[in-house]
Structures are given as C-alpha cells and as structure tokens.
Amino acid sequence: MSSSINGATGGSGTNTAPARPLGELIFAGMIVCVGVVGFVAGAQIPIPPSAGVVGPRAFPFIVSGIMVAIGIGLVIQLLRGHTGAAEEGEDVDPDVKTDWLTVGKLVGFLALHIALIVPLGWPVAAAILFFGAAWSLGAKPWWRNAVIAVVLALILQFVFAGLLGVSLPAGFLLEGVEIFNG
Amino acid sequence: MALLEGFSVAMQPMYLLYALGGVLVGTAVGVLPGIGPAMTVALLMPITYSLDPTAAIIVFAGIYYGGMYGGSTTSILLNTPGESASIVTALEGNKMAKAGRGAAALATAAIGSFIAGTVATVLLSFVAPYVAEFAVQIGPTEYVALMIVAFLTVGALLGASVLRGLASLALGLFIALIGVDALTAQQRYTFGNPFLADGIDVVLVAVALFAVGEALYVASRLRHGPVKVIPVAGRWTNWMRKEDWKRSWKPWLRGTFIGFPVGTIPAGGADVATFLSYASERKLAKGERKKQFGKGAIEGVAGPESANNAAAAGVLVPLLTLGIPTTATAAMMLVAFQRYNIQPGPLLFEVEGALVWALIASLYVGNLMLLVLNLPLVGIWVKILQIPRPYLYSGILVFAAMGAFSVNFTPVDVFVLLVIGVLGFFMRRYGYPIAPMVVGLILGPIFEDQLRRSLAISQGDPTALVSTPIAATIYVVLIVIFVLSFWLRKRQRAMESEVVEETPAAAVDLKEGGK
Amino acid sequence: MSSVVLGYVPNALGDAAAEAAVHEARQRGATLVVVNTTRADRLVDPTYADDDDMSRLQGTLRTSGVDFTVHHGTSKDTAAEDVLDAAERHAAELIVIGLRHRTPVGKLIMGSTAQSILLGAACNVLAVKA
C-alpha cells in the first residue's frame, strides 16, 4: 500500500511487458477455480440435524459465489486490457524486469531451511537461510555475510530460546550449551 | 477514575521499558523502507507470546504510534514516505529540507504529531466508553451491517482496483473457513487432512503475506540507486523559529480535528485524513504563504502530520469498542488481543477495563517518549537507512521463519508460511491489496457467527438483515462513505498530479550516477 | 604514462586524500584516476558522491592542473574492488585513500574498505589521516 511520489512520473498506465497479462489471467483463473472447488467441497460438508436454519454450508457457498463472480469479472477486465498496477514500494523498481532467478533462490533457501530445522537445529538452519538469502540478493563480500548470518542466528537463539523461553531446537551442535536452551 | 488506574499500571518501570522498546522499534520500522508497522506487529506476535497481555499490548501500541513518527522522518529527509499516510508530508517537507529548513520541518512534524496524538488520545478516552455503551445494545443484525461496512470499505476503498480488493477479501474469508465450524463442529475444506482441521493460524498468514510476500516481491524488482540524505543543519533547540510556531499551531489543531473523526470511520484510514488536512491548509493559506505551497510551506507539514497521528488514534475507537479493524495495523492489533483470548468489542471496557485503560495510558506515555526521542535521534534513524537491502530482507525472512516455527514448533508451519508467502508475492505483483485479505481472515469467523445468529432469529428471512432502523442507517452511511471517498480520491489524484506538475523537481530525485 | 588512483569519499577525509593525491600525481607527472562508486544496495550511502560533490571535486582538480579521469557511478562490485580494479587497469604506481579510526564492531558491520585495499593492492598505498 505504500507508494512513492518518485514513481509518479514513471509511466503509470503503460504496462509494456506482454507476458504479464497471461500471469494475471492465470491468477484470476485460479480465483475462479478456488471458488468452484469451494462449491464442490462445500456441498460435501455434512449438515447435522442439530443445525439451525442456516447450516455450515451457507457461508462457504456465499464466499465461493463471491470468488467465482469476482474472478470472472477480473478475467473480463483483463481481456479488455485493464491490467493491475503492480504494487509500488521504496525498495521496488517498477521499471525493472522481474528477476525470477532471485525469487527462485529465496524460495529454495526457505525450503532448505524447512528441511534443516529438525536434523540440524534452528540456529544452523537460520544461519543458512540468512546467508543464502543475502547471497541471492547480492550481498558482498561473502565472508561478512557469513559472519553476520552466524552471529544473528546465535543472538536470536540466545534471546528467544535462552531468555524468553521460546522452544527453538538448538540442534546437536549447541545442545549442551546452557544459554541456547530455554 | 479508570484512566488514572491505567496510568498507575502504565507508569510501572517494567511497562515503561516495554513502551520505550515499542516506540523505538516502531520508529525504526517506520523509517525503514519496506517494513511497516503491520508487518512488525505480525512478526513480533509469535515471539511475544511469553509476555503478559498488558506488556504485549503496550509494545504493540508503541509500535503503532512510533511507525507514524518514523514515516514522517523519511518523507521529509529523503522524499520517500515510509508509509502511505506520509505521502503528503513529503510534498512540502522535502522541499523545506532542500531549502535548508529540514530541521524546522522535522520539528513541526514531531510536535504536531505529539499534540495531535495527545489530543486525539484524550478524545479516545472520552468517546470510546460512550461508543461501547451504545454498542452493547446492538444485536447481531447491526453487527452484520457494521462488518459489511468494514469489509467493503477496506476491500473496495483501500486499493487501486475495487475488484482486486474484493478478491483479496474473499480469499481471506475462504482461508478463514478452513477448519472446524464453531457452531456445528463439522469439518470444512479440510480434505481429510488433520493439519488443516485445526485451521490455518491467522498470525501465520499475516506474517507470510506481510513479510515473506514483501521480501519476495522486493527481490523480484530490487531497486538500485542511492538517495542522498539532506543534512539537518543546526541544533535542535533553534529548529523552530518564532514565525514557524505562529504558522504551525493552527494547522496542528485543525489537523487533529480532521484526523480523529476520519480515523474513526472506516473510510480509508490515515491517508484520507492527511490529504484532507493538506487540502484545507492550502485553501486557508493567504498571499505569500499560499505561493509557498508546493515549495515548502510549513503548514503543509504541520497539518497532515497532525491529522495522520490523530487518525491513528481514531482508528482505535472502532477497534476497541466494536472489534472492527479498519487498517492493516489495526487488524494485527485485533489478532494480538485474540491471541490472549480477549475479544475487542462492546464488552471490552467492562471485562478487560484495566487492560484497555493501561493501553490508553501507555499511548499518552508513548507519545511523550516519541516527542523527546524523535528530534535528538534523527541521526540514528538516518544510520538505519544505510543497512544494505540484502541484509535487511534476509533478516526479515529469518524473523518470519522463526515466528512461523514458534506457532506450533513444527516445520509444517514454515512450509505454510512459504506457500502463502508466494501467494502474497503474486498478489503484490498483480496489484491485489494485502490488507483486505487479513481483515477478511480475522473478521470472517465473527461475521459468519453473527450472520447465522441474526438469520436464526429471523428464521431464515434475509430481509431482516436490513429492516432494523440501526442496521438500515448503517447501510445508508455506507453508501454515503462510498460516494464521498470516490469523490475524495478523484480530488486527491487531481491535486497530487497538480502539485507534482507544478514542481517537477519533486518528481525525480533518484538520479543514478553518471556512468 | 604512470597513474595514481584516488579512492574518493565525499567528506573532509576524502578531500584531504584528494589533496595528497594531487600532490603525488604532480610530483610523479602521473594521471590521477578518481574512483567513487556505490553498489546502490541501500537507501542511503554517505560514501557515494552526488553530482554536486563530483563537479566540485572536478573543479578543484582542474585548477590544480593535473591530468585526471573519473570513475563515478553504480557498480556491481564493492568500492574496494573497484579501486583495485582501476589500479590494475591503469597500472597505477600508487593508490591514495583516506583512513579513519573504526571500532572493531563498526569494522565488522560496515567492513573495512581501506583494509581490503591495503591487503589487495599490487602497488604502494598512501593512507591519508585527516
């Protein structure tokens, strides 16, 4: 929702990228699909005899109906050429082509983080997430990135697990260290 | 009096410390690009679970007010508004800074924010109990009406596209449906998955949308190009000249009385208030001063900044008395209450009186802290802006992952975070606003409950929903709000483009290096 | 022709370094290569000279009479890498930088451009203290 005045002159109505409406169409189509699934799955919600005038199905049907209607409306709007204005922001450059590689790397490192929390412990997984994400976003030089990642992970583990008692698993490396365990 | 008891709680050293921490974090995130108060409250929610409710609410209130102060600093010094309500401040404030009057602009913004915040908090202390008293008498039908007003104003008025706002709202309502129906104990949209049977945690969705979605979106279009800071000249004791005081005090008060009522009605939150204040200051200015507008008129900073903070206090009226959030940050505050099993609404002042009055007292305290801290600490806020973006957004991701994991201490939640974060990325990319989804997610279950209750009373007759006088009035007000705000938005756009055209220097200041 | 590379920052220290660099370049009859780049990865970068700073510097350099070229703008590499890179390309016989005191913590967070240049340079480095 935040927007910057700096962008005011930079072509607001000109959506030049031809690939975008396709992605938007798919997104709008997915909204319709979720609505349809909502109807189908909603019809299978059992209604117990105790249910009053309005059972458990009514509101799901209303929401699904709204989704289908709005989704179709969006598809029509898109086909007529009214594309959405991508959100502006201070750190966002609206004129740059989408950097899918970086987005992919970030998603990948988050997935790696998820896989590593249990086997290696939270601090290790968090340090890898930070290092990987900062590297994907272009942090330089790598050793400073590594130092910050390790220090940050240890500080967070100490403050939140050690002091505040949030049960973050310390992992086999730090299991014996008192201050990293709640 | 209850407020005095509130003060006796809020003035305890421990809670003062929490309030200080809250306003510092709040100002920092208000200054930082890409991080807003809503994201911060969401990120902090899972990890503040071990605090007692009063402490947590005081921290969040500090963040809420602090964010408003921080936003004005960046818009004045850098012409990059930290949040949408500071856009108008950037118009005049940045011109003042360029003309070497940055210190005066910062001072009038901070003092105006303090005055407005304090007066508006006084208004809140007096108005809220009356609204609560009125709200106790209304039934489910009226609640349905009020929530429809909140849904439609947040969904249709906040973003640029009405349909996209409503789609976002519907997505939120849909996710809220996943889990077990509270009235009949039937599973809905769980597809036999025991994990979905518990429903999807609101905090998880909020963190995913606000933090992960934002980080992915920024990563996809990372901005390159520094903005230079305008050095603040002089010591802060002589920042405001006598003339500045004379020119500022009326806009401060006018801004306050414009901002507070606008904040209480769900018509788009603080940015509408800042625009209204700016427009009225511009209209009221005479002669030489009128010509200064667009070139650095101090009234154009004093008024909108006051309106901004007054509106922030106004937003708390429907939040505390009716349980209806009208901005993204207010929605996160509501979640904070719910996590402690406190339901904001008409009964809040009776059931949780001590907590509410401690919250209101901490708002007074926080405002004073912000005034004292804001001016001397500008140098530190400017330092924060030197954090490289890769580290900033990596930090946000780590915090988000930590918050998600600590909801239930299972990696599955972090996976849900990732999935909804990707959804948030595409929503930003295709221009779907985030706030309606969060509001839908939070109010959805309450709305369904009230809707089913009112239909049960009327035995399924839907016309009963509009037939009580109060409900009918609310719907009429809704239509008026819509007409008014569409008119206002038109004016706002016209004025913004006018101001930018008048002074092209305002438009482009992101010059990249020569080569 | 020989050259002297100046790692410039827009503050008093940078101006002192510039003065020393001019002196060295004049004595050696060398070209002065001024380097000031930013990675543009943050909202505020106080070490990056804006156009006003640059034209002011160029004004003083012109009056000093030494031959000079300027590398100024955004870059993918760190400031230290850019200075070293320029030194290598121009086969510089001297690099001039400003050096100020940093606390260990500050060095960890902000890193030390000066240190990287000192360690990475193939030629002599003149570190100017303000």
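Per chain, numbering begins at 1; letters A, B, ... match sequence-line order. Any value given below was found using the heavy atoms of this structure, including those in side chains, with hydrogens, waters and symmetry copies removed. Note that the structure is a prediction, hence the values are computed from the model and not measured.
- The side-chain heavy atoms of A/P56 and B/R452, taken from C-beta on, include a pair separated by under 4.5 Å.
- Neither the backbone nor the side chain of A/S136 comes within less than 4.5 Å of any heavy atom of chain B.
- Among B/L173, B/L169, B/I175, the single residue meeting the side chain to side chain contact (heavy atoms under 4.5 Å, CB included) criterion with A/V63 is B/L173.
- Side chain of B/Y391 to backbone of A/A134: no donor-acceptor contact under 3.5 angstrom is found.
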**Prompt:** Under the side-chain contact (heavy atoms from CB on, under 4.5 Å) criterion, do B/F426 and A/I26 qualify, and how do the steps go?
**Reply:** CA-CA 11 Å; B/F426 280 106; A/I26 294 173; over 6 Å; no
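- Chain B forms more heavy-atom pairs under 4.5 Å with one residue of A/I45, A/T102, A/L101 than with any other, namely A/I45.
- Annotation: salt bridge (charged side-chain N to carboxylate O under 4.0 Å, His left out) contacts of A/R57 (sequence neighbours excluded): none.
- Looking at B/Q187, only its backbone comes within 4.5 Å of chain A, counting heavy atoms on both sides.
- Both the backbone and the side chain of B/F415 come within contact range of chain A, judged by heavy atoms closer than 4.5 Å.
- For B/V422, the part sitting under 4.5 Å from any heavy atom of chain A is the side chain, from C-beta outward, and nothing else.
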If you look only at distance, which donor and acceptor atoms sit under 3.5 Å apart when one is on a side chain in residues 152-173 of chain A and the other is two or more places apart or in another chain?
| unit_1 | atom_1 | unit_2 | atom_2 | d |
| --- | --- | --- | --- | --- |
| A/Q157 | NE2 | A/L168 | O | 3.2 |
| A/Q157 | NE2 | A/F180 | O | 3.0 |

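- For chain A, the nearby parts of B/F174 are the backbone and the side chain; heavy atoms of each come within less than 4.5 Å.
- For chain B, the nearby parts of A/I114 are the backbone and the side chain; heavy atoms of each come within less than 4.5 Å.
- For B/A215, the part sitting under 4.5 Å from any heavy atom of chain A is the backbone (N, CA, C, O) and nothing else.
- Using a 4.5 Å heavy-atom threshold, the side chains of B/R223 and A/V92 count as separate.
- B/Q450 pairs by the side-chain hydrogen bond (donor to acceptor under 3.5 Å, both in side chains) definition with nothing, not counting sequence neighbours.
- Chosen from A/G38, A/A149, A/G138, A/G73, the residue pairing most often with chain B at heavy-atom distances under 4.5 Å is A/G38.
- When heavy atoms are compared at a cutoff of 4.5 Å, A/I62 approaches chain B solely by way of its side chain, counted from C-beta outward.
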**Criterion side-chain contact (heavy atoms from CB on, under 4.5 Å) on B/L171 and A/M67, from CA distance to verdict** = CA-CA 8 Å; B/L171 275 172; A/M67 296 249 271; 4.3 Å; yes
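- Looking at A/L78, the atoms closer than 4.5 Å to chain B (heavy atoms on both sides) all sit in the side chain, from C-beta outward.
- Across A/V118, A/I47, A/D99, the residue that shares the most heavy-atom pairs under 4.5 angstrom with chain B is A/D99.
- Of the atoms belonging to A/L74, heavy atoms from both backbone and side chain fall under 4.5 Å from chain B.
- Heavy atoms of B/L163 lying under 4.5 Å from chain A belong to its backbone as well as its side chain.
- For the pair B/R188 (side chain) and A/P60 (backbone), a donor-acceptor distance under 3.5 Å is absent.
- At a 4.5 Å heavy-atom cutoff, A/K105 makes no contact with chain B through either its backbone or its side chain.
- Ranked by heavy-atom pairs under 4.5 Å with chain A, the list B/E214, B/Q459, B/M402 is led by B/M402.
- In this structure, chain B has a heavy atom under 4.5 Å from the side chain of A/Q77, while its backbone stays farther away.
- Of the listed residues (A/G104, A/G71, A/G42, A/G35), the greatest number of heavy-atom pairs within a distance under 4.5 Å of chain B belongs to A/G42.
- Counting only heavy atoms from C-beta outward, the side chains of B/Y430 and A/L25 never approach each other to under 4.5 Å.
- Side chains of B/S394 and A/F109 form no contact here, defined as non-hydrogen atoms less than 4.5 Å apart.
- Neither the backbone nor the side chain of A/W135 comes within contact range of chain B; no heavy atom of the residue lies under 4.5 Å from a heavy atom of that chain.
- For the options B/L166, B/L183, B/L177, B/V218, heavy-atom pairs under 4.5 Å to chain A are most numerous at B/L177.
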**Request:** Show the numbers, then the answer: is there a side-chain contact (heavy atoms from CB on, under 4.5 Å) between A/V107 and B/L418?
**Result:** CA-CA 7 Å; A/V107 172; B/L418 177 57; 4.0 Å; yes
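- Highest contact tally toward chain A, considering only B/A170, B/S220, B/G431, B/P388, is held by B/S220 [criterion: heavy-atom pairs under 4.5 Å].
- Side-chain contact between B/V212 and A/L110: present, with at least one pair of heavy atoms (C-beta onward) separated by less than 4.5 Å.
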**Request:** Please test B/L397 against A/H113 for side-chain contact (heavy atoms from CB on, under 4.5 Å), starting from the C-alpha separation and ending with a verdict.
**Result:** CA-CA 11 Å; B/L397 282 178; A/H113 171 78; over 6 Å; no
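- Scanning residues 121-130 of chain A against chain B with a 4.5 Å non-hydrogen threshold yields A/W122, A/A126, A/L129, A/F130, sorted by number.
- The greatest number of non-hydrogen atom pairs below 4.5 Å with chain B, out of A/V96, A/I31, A/I70, is found for A/I70.
- The candidate from A/T98, A/I66, A/V37 with the greatest count of non-hydrogen atom pairs under 4.5 Å with chain B is A/T98.
- Between chain A and the residues B/D181, B/L222, B/V398, B/L392, the most heavy-atom pairs under 4.5 angstrom are made by B/V398.
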